[in-house]
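Whatever order the structure lists them in is the order used to number ligands and atoms, beginning at 1. Worth saying up front: this structure is predicted, and the values here are computed from it rather than measured.
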Amino acid sequence: MTGLVTVLGSGAMSNDIAGIAGIDAMLVIGSNTTETHPVIGLRMKQAVQNHGTKIIVADPRRINLTDQACLWLSQKPGTDGALINAMCHVIIRDNLVDQEYVGERTENFEACEDAVADCTPEWAEKITGVPAADIEEAAKIYAKAERAAIFYTMGITQHTSGTDNVKSLANLALMTGNLGKSSAGLNPLRGQNNVQGASDMACAPTVFPGYQRVDNDTVRMRFEELWGCNLSGKPGLTATEMSRAMIDGSIEAMWVMGENPVMSDPNMCHAREAFSKVKFLVVQDIFLTETAEIADVVLPAAAYAEKEGTFTNTERRVQRVRQALLPPKDACNDLVIIQAVSERMNSDKKTTFPSDFQPGSARMEVAEAEEIFNEIAGAWPAIAGINYKRLEEGGIQWPCPDEDHPGTPVLFENGFPRGLASFTPITWRDAEELPDIEYPFVLTTGRVLYQYHTGTMTRRSQVIESADRGPIIEINPDDASRLQIKDGDRVNVASRRGTISLPALVTDRINPGITFIPFHYKEAAANLLTNDACDPECKIPEAKVCAVKVEKAI
Ligand SMILES: Nc1nc2c(c(=O)[nH]1)N[C@H]1C(S)=C(S)[C@@H](COP(=O)(O)OP(=O)(O)OC[C@H]3O[C@@H](n4cnc5c(=O)[nH]c(N)nc54)[C@H](O)[C@@H]3O)O[C@H]1N2
Ligand SMILES: Nc1nc2c(c(=O)[nH]1)N[C@H]1C(S)=C(S)[C@@H](COP(=O)(O)OP(=O)(O)OC[C@H]3O[C@@H](n4cnc5c(=O)[nH]c(N)nc54)[C@H](O)[C@@H]3O)O[C@H]1N2
Ligand SMILES: [Mo]
């Protein structure tokens, strides 16, 4: 199912945000929507109120959206594959499969059927901790709805089985005919404001812009012609592989742009070692981050409100960004920095930047941003119909192949890119590091409403800091009383990789045996504890499961 995975595996919502209003049933799995995507969370609440949408929340924690849900499945972290396979099992067993859709639009259904044949709800209850009856009910609510949608985020993907989890969800959507119609689909809510745009522009080591593979000769030759240079057909390294390569010395120089990996990478001692060891480190950021502090060169960049361009949001909508402010004196637009450095690297070419180049004076003009956009539109047919003039009227959702095309709110309505969508048989497997006698708790990590990632942007705001609770570990009251920990007590949390100390938040929104720490706080950095084991296919690290011990600090 190349087409489907290329689009969905790379993480794009199949459907649009407006369609949320008409969803009959939704499975929200591994997405703390009201805290991490509050605008979409609000649409979900409105859908419950106005349309009677049934929400099934599948999350180890009783997240706020559970208040609007008709069913909460609280699976153990890392057991989603078993849960989803059991839902598929029930749908097949009870003849709830959309036979017409499966027959006309898909292939390889039998392989999926075989793979889930033994995945009974009772089998899944033992693995997930979710009562078999609840799994049955969830499967029935989802499969019987006319329009059923799946929303997922990092609770599904940040696992050594992340790719398999996403493919299992695709099986679920396909067997019920929920891909290719409005108010349905498979919807990964994208993280940063422009992560969709960054993926579209090939911030991945295997592709050129528009998910066109570097190891496809025809594709590569087209890009060589467009850009007038020779290009490598060898996929590069992923971020996690780069960390290892910096440690073994095979990478000697590193340029980090808009990331703070010394705090955001799981197993941060390892990450810090990598970034300290690399011979030459450049960091380009709007603030002096923990990663910038250990850099050889820091390039100050301009922020979003200080530049022209486009951002592509979570529903594939390309939107104009306009400069509202001048950057601070030393900072300049990322693109101007990249151009300035590349021109100095390329001695054959005439340099358009004067040798006494002053950052603050180098503003990028709208015309330049537009020229770059037009180049992208020429490289990737899915946005060939989008241009700055049209964007004046409002954002446009790709694919938009020509100037008369209105854009595409819902993918796959008229078929899949490769013809038939293929089911993938998935066998569930455990997380890499499981609790044992020494480290008896599962730790899962994530976000809170008030903070953003490593806090470089949010923790500088006094208003946010005063509203936020600060670092905490969520722990169930039963576990807390056994360990004689009271709400607010300081505890030490240790994994095989590190130890941190922080206050306990004793709450029954989390089940016994499981703990949760937000990763925003450098004074109690969750990533000192997390495991950097990766998914074999997409190399995402397992930030959502590791084993820890918890003790009251004396
Ligand atoms: N306020 C705020 N909003 C943000 C961000 C931020 O830092 N702060 N970051 C943005 C970015 S880049 C991203 S990627 C998104 C992430 O958005 P989310 O994925 O929604 O955020 P997380 O808190 O990482 O995790 C979501 C949920 O996964 C659950 N979970 C943990 N383990 C498992 C598991 O094994 N299975 C399942 N099914 N669920 C599990 C957690 O309990 C949590 O409720 O948020 C974006 N929005
Ligand atoms: N334990 C644990 N670890 C995680 C996760 C988790 O759930 N648990 N989630 C992971 C996920 S999904 C994500 S996305 C990462 C996030 O990890 P990072 O991306 O490393 O975290 P941020 O703090 O968002 O760092 C972004 C940086 O970009 C800078 N910046 C902002 N705007 C601009 C700009 O216009 N130009 C430039 N040059 N810089 C800019 C900011 O100042 C900031 O320092 O964390 C990952 N790590
Ligand atoms: Mo993210």
Have [X] and [Y] got a donor and an acceptor in their side chains that come within less than 3.5 Å?
{"X": "Thr160", "Y": "Glu542", "result": "yes"}
{"X": "Gln451", "Y": "Thr458", "result": "yes"}
{"X": "Asn313", "Y": "Gln196", "result": "no"}
{"X": "Thr291", "Y": "Asn260", "result": "yes"}
{"X": "Thr499", "Y": "Asn492", "result": "no"}
{"X": "Glu241", "Y": "Thr238", "result": "yes"}
{"X": "Tyr211", "Y": "Asp200", "result": "yes"}

Taking 4.0 angstrom as the limit and counting only heavy atoms of [X], give me the atoms of ligand 2 inside it, by number and element.
{"X": "Lys307", "result": "34 (C), 35 (O), 36 (N)"}
{"X": "Ile286", "result": "30 (N), 31 (C), 32 (N), 33 (C), 34 (C), 39 (N), 40 (C), 42 (O)"}
{"X": "Phe287", "result": "42 (O)"}
{"X": "Thr289", "result": "44 (O)"}
{"X": "Thr530", "result": "1 (N)"}
{"X": "Asn260", "result": "18 (P), 20 (O), 25 (O)"}
{"X": "Asp334", "result": "34 (C), 35 (O), 36 (N), 37 (C), 38 (N)"}
{"X": "Thr456", "result": "23 (O), 41 (C), 42 (O), 43 (C), 44 (O)"}

Problem set entry | Residue pairs involving residues 445-459 (criterion salt bridge (charged side-chain N to carboxylate O under 4.0 Å, His left out); sequence neighbours excluded) | Arg459-Glu465, Arg459-Glu523

Exercise. What do we get for Pro266 next to ligand 2 when only non-hydrogen atoms under 4.0 Å count, side chain, backbone, both or neither?
Worked result: neither

Seminar exercise, completed: When Thr157, Thr163, Asn165, Thr240 are each screened for side chain to side chain donor-acceptor pair (under 3.5 Å) with Asp535, the one that passes is Thr163

Problem set entry | Residue list, side chain to side chain contact (heavy atoms under 4.5 Å, CB included) with Asn193, at least two apart or on another chain | Phe311

Exercise. Can you list the residues that meet the side chain to side chain contact (heavy atoms under 4.5 Å, CB included) rule with Val298, with sequence neighbours excluded?
Worked result: Leu288, Ala292, Ala295

Exercise. If you count only heavy atoms, which residues are under 4.0 Å from ligand 1?
Worked result: Ile29, Gly30, Ser31, Asn32, Glu35, Thr36, His37, Ala58, Asp59, Pro60, Arg61, Ile63, Gln75, Pro77, Gly78, Asp80, Thr153, Met154, Gly155, His159, Gly191, Gln192, Thr444, Gly446, Arg447, Val448, Leu449, Gln451, Tyr452, His453, His520, Lys544

Exercise. Does Ala302 come within less than 4.0 Å of ligand 2, judged by its heavy atoms?
Worked result: yes

